[in-house]
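Take a look at the structure below.
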Amino acid sequence: MTEKIMLIDGNSIVNRAFYGVPLLTNSAGQYTNGVYGFLNILFKLMDEEKPDYLAVAFDLHAPTFRHKEFGGYKGTRKGMPDELRTQMPLLKEMLQAMNIQTYEMEGYEADDILGTLSAKAEEQGVVPVVVSGDRDLLQLASETLKVRIPKTKGGRTETEDYYAKDVVEKYGVTPLEFIDVKALMGDASDNIPGVPGIGEKTAAKIIREYHDLENAIAHASEVKPKKAAENLAEFQAQARLSKFLATIIRDMPISLDKEGTKIGNMFNATAYDLVKRLELKSMFDRFEKDEVQTTQIQDFHGVYSFDEAKIFFQNLENKETAYIILMDESVCQGLALYQEDLGGVWLEVGEELTEEQFFALAKPFFSDDRFIKIGHDIKKDLKILGASIGEMPKISFDTAIGAYILNPTGSSYDYDDLAKTFLNQVFPSGEEVLGKGKSKKAFCILSEEERKNFAVTQAKVCFEAKKIMEKQLAENGQTELFYDIEMPLIYVLADMEEYGIKVDKEALLLYQKNLETSIDIITKEIFSLSGEEFNLNSPKQLGVILFEKLGLKGGKKTKTGYSTAADVLEKLKYEHPMVEKILYYRQLAKLKSTYADGLLAVMDEKTEKIYSTFNQTITATGRISSTEPNLQNIPVRLELGRELRKVFIPENREFCFLDADYSQIELRVLAHIAGDETLINAFRNNQDIHRLTASQVFHVPFDEVTSLQRSNAKAVNFGIVYGIGSFSLSQDLGISRKEAEQYIAAYFAKYPNIKKYLNETIQHATEEGYVSTLWNRRRAMPELQSNNFVQRSFGERVAMNMPIQGSAADIIKIAMVHVHKALKEGGYRSRLILQVHDELLIETYIEEREAVARILKENMEQAAELSVPLDVEVHEGNSWFEAK
DNA sequence: CAGTTCACG
DNA sequence: ACGTACGTGAACTGA
């Protein structure tokens, strides 16, 4: 039986579908008729063709390869109406949910993709059926290749089908001659000029007689009518160009992914959810057939003794193994494994296999990368295993990180999330295993046997999910991001967490004590001014005192009552002496509770060090975050808080700190991405960027910029990075909204490419449904589809900010991996201990400090090659305070 | 457990 | 006319 692949031109079909059915919206106000019509056509054709493979191709909105060769696309492409444009991301989401492979490639049109994939399919003995709304595709028709052109009328879909002979019958020319016809007649919508004065009829007549363009040109003088003959001779170069433009490319640099295009589970839970969300009621039936499956609990082969385990480990080589290490407190209970042909295995640590024996046997498995291991949240394993086997394990795939890269806005990435997201399975809850009345959290009271089953099942989920993730990462162009940045970074973070940072305990206690004294004094002063005692930490009680008892005028700002936030109080500072004292109290209280008390509470008593956790799967932009404690928000802006940094010190006198930070990394990234010459040149010439902006925005010579102008310009620069709004800028600067608008307008007038970039980013994000960084980190942008002004505006700001913040995050992550590697490979004793978004702190062995400073600066500045230089400043000191 | 405030980039 | 800057984490209050 020969196999068949159906190749669909996504753009032209959705277009036909859109115009073929009435404009529909769901109750959220999203237009849905294009998606609906597309699915109708798809299902009808699939029912008829019963293909084994399926792929949908889309245009990318960029000059095409062919037009580029001729100096770019001239003229404007017909834009889609908004009602259709907003449906494109929904359609792509739908196709992804249905596990349908999509193809698109910068510089090529959907036509070219279909042309290429159909050629590849034929080479592989798969019969292609090409589906398009566009007659250009007829040039692909052959004796075996069928082109289908569907048309939807009042909800009914009909198709015209063409093999080569049908083309000849209908148009009197062969499929290949069809190209020559088009070369003569041109096509306004595709920007193909053709020959003036030759239309469809004449072109067909000429080609029927002369068969191809060159022959027709050679016989130009014989062509009739006379006007056509003259024009053909005169515009023969244009005709040749037109032929080139009209020819579909059949050898693009892409490959046909047979595995990926194989028709899989289209009618799954995710797709059903989406169909429901879009309210495509007549589709419900099709999708309901296949409800979410419950993950089947895996049986396992048990390994309980030393001898069994010894033999067992040796047989795991060269095959992918998903593993889960089960720990109770710090004692290892056992190891759950899953392999394709082996199935589930449970290795139990117990009487016949001691923990010590287990780790000895597991050492080669974990430390040799001939054993290909898939883990989940491997950072915790690296720390446990690293300590137990005395060597850093090598794990090739972390499924939590994979899930995060594919969707950084997920709420969590547990095993049950993987099952749902990647396998359309609901992970059995404790309830199902244990019977009613017990929640999933009752996992710990599962019986021993059930617990092992669960662990093995989780390993299987990781194993299966990894396969799908790897495919999706490749489709998204995120393979490098994942394997070269995120995976290696796990090891860096694991080391950082393990080293921790030393604290001067005595100094911290003193700091705490001083704060306590100051807080006592200021509290008494406040109470004597207010005439009564109240809870100073309660905004509610404070509001009553300030705005009711003392009668200060503060507009209601929050849901619950008066706002007493710092910016509000700042404005009331001169109205009553208490206000300033409140602000001071707040400062002290923050420092004491969050920092002094907080840090002491998490300090390890034995080592007098603080061990933070660096989370790699939290932020929507690709930054890392730090918790318990958060070491990324240690005070620096105000002097009193900054003093706290004196308690962060090197481990002992053999070490000092080197602190390296990127200068203006986000603005540099913006200059690069937007390609703004003014900004690029400024960075190349190492100019003061805020001063430059000030001179541009306020129309004053560079050297005459006042410090107020400079600081205002700084706020404008920040605003640009955050997705500016005039209201917020006016609030920030304490100016009128009108003035703020003028600043912004002046900024965009001076930096037109920035404005252009920001607009294009929003446009692209709306069409594609996501934004990306320079290293293809992605964030989905569903907010842009919202009908709610607030939500949509938020989406627009996010779309502008994410590529900037995210690319900066990519850069420092690359730098961290490189610095870590250089320190390890160079045999240095110095180590990376902290990252604060644009800053790295290294605990440096004093004898190595010059070399390490060089390593830092070089690796950070060379982490990325942008059109502007990256600039890194390195400072040395005996505390974080001194080194900053 | 949501809301408010405030520390950082 | 919407209600307003992007990304975090922690402490605290008061339902």
Side-chain angles (χ1 to χ4, degrees), chain A residues 408-409 534-543 557-570 582-583 585-599 601-602 612-615 618-638 640-642 644-645 661-667 670 715-733 737 740 744 771 779 786-806 808-809 812 834-840 880 884:
Chain A
T409 47
F534 61 98
N535 187 343
L536 270 172
N537 291 323
S538 165
K540 193 179 168 189
Q541 294 179 32
L542 177 63
K557 246 184 79 180
T558 63
K559 292 175 191 171
T560 50
Y562 307 105
S563 169
T564 66
D567 58 335
V568 175
L569 298 188
E570 202 65 38
I582 299 281
L583 286 167
Y585 167 82
R586 287 246 177 102
Q587 205 193 124
L588 298 175
K590 178 82 177 181
L591 291 174
K592 180 166 188 296
S593 68
T594 303
Y595 296 104
D597 301 351
L599 290 176
V602 293
S612 180
T613 303
F614 295 100
N615 203 317
I618 291 288
T619 73
T621 54
R623 282 186 173 182
I624 57 174
S625 88
S626 154
T627 52
E628 267 183 286
N630 180 356
L631 290 181
Q632 292 181 318
N633 70 347
I634 300 301
V636 69
R637 292 173 190 168
L638 299 175
L640 184 60
R642 191 175 196 142
L644 175 65
R645 293 185 173 224
D661 71 308
Y662 281 110
S663 149
Q664 308 288 3
I665 189 165
E666 292 194 348
L667 285 175
L670 172 65
V716 174
N717 279 332
F718 269 101
I720 297 295
V721 170
Y722 293 154
I724 199 154
S726 62
F727 178 88
S728 309
L729 182 64
S730 71
Q731 289 294 299
D732 192 37
L733 293 180
R737 194 166 170 172
I744 296 169
V771 282
R779 174 172 179 176
S786 171
N787 277 17
N788 178 311
F789 175 85
V790 179
Q791 282 185 35
R792 199 173 54 251
S793 308
F794 172 70
E796 290 172 355
R797 293 194 296 271
V798 166
M800 294 187 266
N801 174 261
M802 187 274 177
I804 303 172
Q805 185 180 128
I812 196 162
L834 271 186
Q835 185 251 45
V836 193
H837 311 309
D838 64 353
E839 168 190 359
L840 298 180
W880 198 4
K884 185 69 186 162

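Order of the sequence lines sets the chain letters (A, B, ...), proteins ahead of strands, with each chain counted from 1.
- Residues that satisfy the side chain to side chain donor-acceptor pair (under 3.5 Å) test with A:Gln587, not counting sequence neighbours, are absent from this structure.
- Here, C:dA5 and B:dT5 have their P atoms 13 Å apart, quoted to the whole Å.
- Taking A:Ile618 as the reference, A:Asn615, A:Ser625 meet the side-chain contact (heavy atoms from CB on, under 4.5 Å) condition, with sequence neighbours excluded.
- Residue A:Ile634 is in sugar-phosphate contact alone, with no base atom involved, counting any heavy-atom pair closer than 4.0 Å across all strands shown.
- Per the geometry, CE belonging to A:Met800 stands 12 Å off P belonging to C:dG7, to the nearest Å.
- Contact annotation for A:Arg737: base contact, defined as any heavy-atom pair under 4.0 Å involving a base atom.
- Contacts of A:Ala740 classified as side-chain contact (heavy atoms from CB on, under 4.5 Å), with partners at least two apart in sequence or in another chain: A:Ser726, A:Leu729, A:Ser730, A:Ile735.
- Residues from residues 558-568 of chain A that place a heavy atom under 4.0 Å from any atom of DNA chain B, listed by number: A:Thr558, A:Lys559, A:Thr560, A:Ser563, A:Thr564, A:Ala565, A:Ala566.
- Protein chain A touches strand DNA chain B; the 5'-most and 3'-most nucleotides with an atom under 4.0 angstrom of its non-hydrogen atoms are B:dG3 to B:dG9.
- With 3.5 Å as the limit, one finds no donor-acceptor pair spanning the side chains of A:Ser728 and A:Arg797.
- On the P atoms, C:dT4 is 11 Å away from B:dT4, given to the nearest whole Å.
- Between A:Phe614 atom CZ and C:dG7 atom C1' the separation is 17 Å, expressed in whole Å.
- A 4.5 Å side-chain heavy-atom check between A:Ile804 and A:Tyr722 finds every atom pair outside the cut-off.
- Nearer the 5' end of DNA chain C, as judged by each residue's closest nucleotide, is the contact made by A:Phe789, out of A:Phe789 and A:His837.
- In this structure, A:Phe794 reaches the sugar-phosphate backbone alone: every heavy-atom distance under 4.0 Å involves primed, P, OP1 or OP2 atoms, never a base.
- Using a 4.0 Å heavy-atom cutoff across all strands shown, A:Arg586 reaches sugar-phosphate atoms only and no base atom.
- Side-chain contact between A:Thr621 and A:Thr619 is present, with at least one heavy-atom pair separated by less than 4.5 Å.
- The CZ-P distance, from A:Phe727 to C:dA5, rounds to 8 Å in whole Å.
- Going from atom CD of A:Gln835 over to atom P of C:dG7 covers 17 Å, rounded to whole Å.
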**Request:** Can you run through DNA chain C from 5' to 3' and write each base as (, ), [, ], | or . depending on how it pairs? Watson-Crick or G-U wobble, both distances under 3.5 Å.
**Result:** .....|||||||||.

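- To the nearest 0.5 Å, atoms CG (A:Asp838) and CZ (A:Arg623) are separated by 8.0 Å.
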**Asked** Nucleotide by nucleotide, 5' to 3', does protein get under 4.0 Å of the base (B), only the sugar-phosphate (S), or neither (-) in nucleotides 8-13 of chain C, counting heavy atoms?
**Response** SBSSSS

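- Shown here are the ring-ring contact (aromatic ring centres under 6.0 Å, His included) partners of A:Tyr562, two or more places apart in sequence or in another chain: A:Phe547.
- Base engagement by A:Arg623 is indicated by at least one non-hydrogen atom pair under 4.0 Å involving a base atom.
- Between the side chain of A:Arg645 and the main chain of A:Trp880, no donor-acceptor pair closer than 3.5 Å is present.
- Each of A:Val790 and A:Val798 was matched to the nucleotide of DNA chain C holding its nearest heavy atom; the match closer to the 5' end belongs to A:Val790.
- Between A:Glu570 and A:Arg586 there is no salt bridge, since none of the side-chain N atoms of the basic residue sits less than 4.0 Å from a carboxylate O of the acidic one.
- Look at CG on A:Asp838: it is 14 Å from C1' on C:dC6, rounded to the nearest Å.
- Considering only residues two or more places apart in sequence or on other chains, A:Lys592 meets the salt bridge (Lys or Arg N to Asp or Glu O under 4.0 Å) condition with A:Asp597.
- Partners of A:Phe727 under the ring-ring contact (aromatic ring centres under 6.0 Å, His included) rule, at least two apart in sequence or in another chain, do not exist in this structure.
- Residues passing the salt bridge (Lys or Arg N to Asp or Glu O under 4.0 Å) test with A:Glu839, sequence neighbours excluded: A:Lys884.
- Residues passing the side-chain contact (heavy atoms from CB on, under 4.5 Å) test with A:Phe614 are A:Leu493, A:Met496, A:Glu497, A:Ser612, A:Ile624, A:Ser626, A:Leu834, sequence neighbours excluded.
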